Number of protein chains: 2
Amino acid sequence: MTKLTTAPLTTEQLFAQLELAIHEHRLTPGTKLGEDEIASIYSVSRTTVRSALQALSLQRLVEHKRNRGAYVAQPTLREAREVFEARALLEPRTAHSAAERTTAEDIAKLQVHIDAEHEAMAAGNHGRALYLSGQFHIEIARIADQSTIEAFITQLISRSSLIVALYWQRRTAMCESHAHDALVSALADQDGPRADELMRNHLLDLVTSLDLRNKTSAPLSLKDALAQ
Amino acid sequence: MTKLTTAPLTTEQLFAQLELAIHEHRLTPGTKLGEDEIASIYSVSRTTVRSALQALSLQRLVEHKRNRGAYVAQPTLREAREVFEARALLEPRTAHSAAERTTAEDIAKLQVHIDAEHEAMAAGNHGRALYLSGQFHIEIARIADQSTIEAFITQLISRSSLIVALYWQRRTAMCESHAHDALVSALADQDGPRADELMRNHLLDLVTSLDLRNKTSAPLSLKDALAQ
DNA sequence: GTTTTCAAGATTGTGTACAATTTTGCGCAC
DNA sequence: GTGCGCAAAATTGTACACAATCTTGAAAAC
């Protein structure tokens, strides 16, 4: 997108490009990620592509089928529930910690972030809005100053993006960052318990806006349905 | 060790070998992991070695310094605290869930595990005992049937092994798997709250058996001290 | 007409070679 | 004698080439 230089991408840069594309739903679950294809698109060698794909695989963003290639991951219903259970375990407490050490700069940063979210929404760029919405949660983890938990949450956010792509029921207005506004308010007041509670409810809202009920089977990619 | 076949190792196998060596403290924090060196030891190409090292790096078991090579990670005091805070957040609840769905087979498996721990301790094989002690926690996460959280705990256990290597104060008897016995008992009774409590205390005991107090600086590797 | 088999094509997994960067050792100046 | 600088050696990062495995298509047998 914003890549105008002809300098060859490094592994980390390619990783970031692919990660962003997945976050913004330009790459949807089940999409095959052919190594030669990506290599030619970005003008890098397959070695670099493989390295980036392995990293994405360890973050559970792509699934590696032995001798069959890499595909954008398709979290099952079970995995989807697991991801949100893990988030429910980690994020409220993290928001609590974050509130207790929020600085004025943090608030300013979050406000800018939320403005960008609103802007993306207004522009109808749902992919961008979703990405920013996720980054908001990561930002809170960063404020909590817990890099280990932040890394976990980052992974969970990424996977949540895949889950949204698969199980979002369109009738609900997903990214109403109303909840984010309230969270910033709680953080500004350094009100740990309120931030905890708000985050807990926010996650519950997220889950209910998804359709995680048992379906007999939900093969969203024709290709995959035929493969079996 | 038990590698008698001349078949070339695959990436995952090499990863497992190195991971185990780190868990068992045969590789200690700060050790340089030269690519050519490992490649010749295991008779594989550097490609395979790099792949395994990248995977270990993403699990935070090795640190990759750009153009300077891979080293067995040296968690800082701060990281050490973070790891155990994350464990305190994840494991008690996971033990709670596990207790509610423990089967007879699970108990049998855990009992075998504990016996192996005792045996390794009796044999004075502390590395092995430490490894098994970690596996016990992972096994509980597996019983809880939460693969996502299990993956997180697995990583935290691995890093805990590094932390023990760095910050264990020898005067305490580390791996007294007394606590493990009690946990198995709680699981056998399907007593969730008790398992939760036991796990919480067990983790507290672990932390206090480490020396995570602030030191002005704790450069455990001469090399690293000189490098700065 | 359907099923099975086999070969050709395509794609991934691994090994090797080259380029870039860093480290290191010696020499020289001060 | 100490400090700086440059060149040689070593090590990592990337690109390329080959081997192994899987998919695909058609042809032949039933």
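Letters A, B, ... are given to chains in the order of the sequence lines, protein chains preceding strands, and every chain is numbered from 1. Computed from a predicted structure; not experimentally measured. Excluded from the calculations below are hydrogen atoms, water molecules and symmetry mates; all remaining heavy atoms, backbone and side chain alike, are included.
Here the straight-line distance linking atom CZ of R128(B) with atom CZ of R26(B) works out to 9.5 Å at 0.5 Å rounding.
Ring orientation note: the planes of H137(A) and H180(A) are nearly perpendicular, at an angle over 60° on the 30°/60° scale.
Rounded to an integer number of Å, the gap from Y71(B) OH to dT22(C) P is 13 Å. The distance between atom CD of E37(B) and atom C1' of dA10(D), rounded to the nearest whole Å, is 13 Å.
Heavy-atom neighbours of Q111(A) CD from other residues, nucleotides or ligands within 6.0 Å: above the threshold of 12.
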Identify all side-chain donor-acceptor contacts of residues 144-151 of chain B below 3.5 Å with residues at least two apart in sequence or on another chain.
residue, atom, partner, partner atom, Å
D145(B), OD1, R78(A), NH2, 2.8
D145(B), OD2, R78(A), NH2, 2.8
Q146(B), NE2, E85(A), OE1, 2.2
S147(B), OG, E82(A), OE1, 2.7
S147(B), OG, E82(A), OE2, 3.4
T148(B), OG1, E82(A), OE1, 2.9
T148(B), OG1, R159(A), NH1, 3.4

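For the 3.5 Å distance criterion, the side chains of H113(B) and E139(B) fail to qualify, holding no donor opposite an acceptor.
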How does protein reach along nucleotides 12-24 of chain D, written 5' to 3' as B (base within reach of a heavy atom under 4.0 Å), S (only sugar-phosphate), or - (no contact)?
BBBBB----SSS-
